[in-house]
Amino acid sequence: MTNPTSPVRVRYAPSPTGIPHIGNIRTALFCWVLAQQTDGQFIVRIEDTDQSRYDSEAEKAIFESLEWLGLGFDEGPGKGGDHGPYVQSQRQPTYIEAAHRLVESGHAYYDDTTPEQLHALRERQRAAKQPPRYDGRGRHRSPEEIEESRKAGLPITVRLKVPDHGSVSFVDSVRGKITFELKELDDFVILKSDEMPTYHLAHILDDAAMGVTHVIRGDEWISSTPRHLLIHQALGIEPPEYVHVPLILGKDKAKLSKRHGATSALEYRELGFLPGAVFNFICLLGWSPGDDTEVMPREEIVRRFSIDRINDSPATFDAEKLEWMNGVYIRNMDEDDLISEMLPFMERPKAEGGLPDSVTRPIDRDYLKRLIPLVHERLKLLTEGSETLDFFFDDNVNPSVEDLPGRKMDEAMTVQALEAALDLCKDASSFEPEHLEVEYRVLAHKIEMKPGQLFSPIRVAITGKTFAPPLFDTMSAIGRERCVERIENALITLRSAVSTPTD
RNA sequence: GGCCUCGUCGUCCAGCGGUUAGGACACAGCCCUUUCAAGGCUGAGACCGGAGUUCGAUUCUCCGCGGGGCUACCA
């Protein structure tokens, strides 16, 4: 299968029963990309035919995910289009009508078997080591019997009559020809007793009505595709092209679900990932351009995407590489944009990953602008601003006695280093980074220490950490007064620890 | 259990009958270096197994094994 050259109509049709996860959103992504590439339409349709599992939060999350990833749609809820409504619960009459039509044409029948009876049937089959399947008993119910049941308030469903022999095949765009024996299928429900259609019926009617050309969906649908083909036949409509994409598995190799930790797109937003990086990374899960290119702006992905390069095998989702890629995207980012993205995270309460609560909000954007160049290439996540930059905002750095001495330094030596550093800090003729570096290197030479030995205690004294941005840029940004204060504090900490040795 | 499907480094992806089996992440070492990153170099690391087909199989076929999916009045 080569790529379509004429415009496609593709849809993302999630059910609002849970927050869409990476695997789910990837199919949306593939749809979107293909629509862009062929100048077609990307349709969003909400499949809410399971009323008991409906979750409005999930529905909100669906649209939020799409928006965050920049997957705008051409038709859908809140957007409109010529084939609406785009919410299945609002299309109910169509489904009921079609189900009745199928009964009249002899392709389907009413069934009054109760859930209890179905359950008992399965129990019996299981006990007899038979595969559980519906036995077609409803085929033999007369209209009168059904009418009686209906009056008695029994649940009535509509089932499709599946031929007991023969086979059905279709050509999947990524897997090739797939064949199923009809005898493996039982008569399945197309209209539930609450008069809502099952997915099988509903999506076919909608896809046909909406002119969908390519059904791009997860691998898990392969097994029910023969059912869908049967419905198409019964309805006399032409099936679309099927593109079943391999599933994305969690670390334990099972289909991705909530229990795999962070798996939804929105969670990655919370963790500080960029939509561009997530977009790029997810596309590469199950697709590749054929060469070794990995970092690609979305325009390039749109240009190079092709169905026939979608992978056959399921991929395991591993966020480690995503983190790396996010770092690449951050490094490629404009400073002002980066600041805008990071600011909201830093302004959150400390408990939610923000700067210490003592730091006044809103945060001084100009000051942050001075700081960002010092850490820009070190960041992998937007959320890292707080922990990386806190000491610029908060004077309470509390260097620990263990951290202050550099490599191969004892307390006395550390004290000596800090005392000398303090004097120079007070006396330095300029606080420009380049100037500071020159002066401190001279100082190191004078007190016969390696530059690193002198710099290390200063760094810890000033930042409270053993690793930080380049020292002299840091000192310069913090300013002379506060640096003096911090070195003095470190000396106090150090001296008190020496005079009262702990065990 | 039945049916469908997948099987290349730990992970993602190349390979589409002949390659020293390639790249990326992660890992290790070295270089750079005031720490941490970034960057550079090097290293370790894979064709699930067995039969065929073929002059030649990672690549094609079959069987086995292993993984996954489905087996609902859920999608």
Side-chain angles (χ1 to χ4, degrees), chain A residues 13-18 24 47-50 52-53 111 113-115 118-119 122 126 129-134 155-159 172 175 178-181 183-186 188-200 202-203 217-226 244 246-247 249 251 253-255 281 284-295 309 311-325 327-328 331 375-380 388 406-407 437 440-441 444 450-456 458-460 463 465-472 474:
Chain A
S15 71
T17 53
N24 190 280
E47 310 225 321
D48 59 347
T49 53
D50 184 350
S52 62
R53 293 203 307 156
D111 181 31
T113 313
T114 64
L118 251 18
H119 181 72
R122 278 194 280 267
R126 193 145 54 90
K129 300 231 191 289
Q130 298 295 316
R133 64 205 317 270
Y134 176 70
I156 311 290
T157 60
V158 177
R159 286 180 186 266
D172 184 270
R175 283 172 210 297
I178 302 177
T179 303
F180 289 85
E181 294 299 322
K183 63 174 170 10
E184 304 292 340
L185 291 185
D186 56 9
F188 58 97
V189 173
I190 56 174
L191 194 71
K192 299 185 268 188
S193 59
D194 65 356
E195 298 215 289
M196 274 298 195
T198 56
Y199 167 82
H200 306 304
H203 91 276
R217 61 180 15 171
D219 221 341
E220 77 246 48
W221 291 108
I222 288 183
S223 339
S224 34
T225 305
H244 287 106
L247 296 176
L249 276 23
K251 272 269 199 292
K253 300 291 183 191
K255 186 167 138 182
F281 183 75
L284 258 19
L285 243 36
W287 173 80
S288 85
D291 57 23
D292 291 330
T293 318
E294 296 199 299
V295 179
R309 291 208 58 89
N311 230 299
D312 284 17
S313 51
T316 306
F317 181 67
D318 176 15
E320 258 181 324
K321 189 164 180 176
L322 173 56
E323 262 194 44
W324 161 77
M325 189 172 279
V328 174
R331 267 172 257 138
V375 295
H376 194 150
E377 67 176 14
R378 280 151 237 264
L379 296 169
K380 285 207 292 219
T388 317
R407 272 191 283 270
E437 173 155 7
Y440 272 94
R441 283 191 186 279
K450 291 183 176 174
Q453 289 183 309
L454 173 62
F455 300 168
S456 186
I458 305 176
R459 174 178 304 105
V460 176
T463 68
K465 304 175 202 282
T466 52
F467 56 92
L471 182 57
F472 303 108
T474 301

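Below, chain A is the first sequence line, B the second, and so on; all start at residue 1. Remember, it's a predicted structure, so these values are computed and weren't measured experimentally.
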- Closest nucleotide of RNA chain B for A/Trp324 versus for A/Pro469: which of these residues is on the 5' side? A/Trp324
- Compare side-chain N and O positions of A/Arg126 against OP1 and OP2 of B/rG2 and report whether any pair is under 4.0 Å apart. no
- Query: Quick one: does A/Lys321 reach the base of B/rA24 with a side-chain donor-acceptor pair under 3.5 Å?
  - Reply: yes
- Query: When you compare B/rC3 with B/rU53, how far apart are their P atoms, in angstrom units rounded to a whole number?
  - Reply: 29 Å
- Task: Ignoring backbone atoms, establish whether A/Ser288 has a side-chain N or O less than 4.0 Å from OP1 or OP2 of B/rA14.
- Result: yes
- With respect to the phosphate group of B/rG7, does any side-chain polar atom (N or O) of A/Asn311 fall under 4.0 Å of OP1 or OP2? no
- Item | P atoms of B/rG23 and B/rC60, separation to the nearest Å | 23 Å
- Query: Atom CG of A/Asp292 and atom P of B/rG23: how far apart are they, to the nearest Å?
  - Reply: 8 Å
- Message: I want to check one thing: is the phosphate of B/rC12, taken as OP1 and OP2, less than 4.0 Å away from some side-chain N or O of A/Thr316?
- Response: yes
- Item | B/rU71 phosphate, OP1 or OP2, under 4.0 Å from A/Arg133 side-chain N/O | no
- Message: Using atom P in both nucleotides, what's the gap between B/rC30 and B/rG66 to the nearest angstrom?
- Response: 44 Å
- Using a cut-off of less than 4.0 Å, is there contact between a side-chain N or O of A/Lys192 and OP1 or OP2 of B/rA75? yes
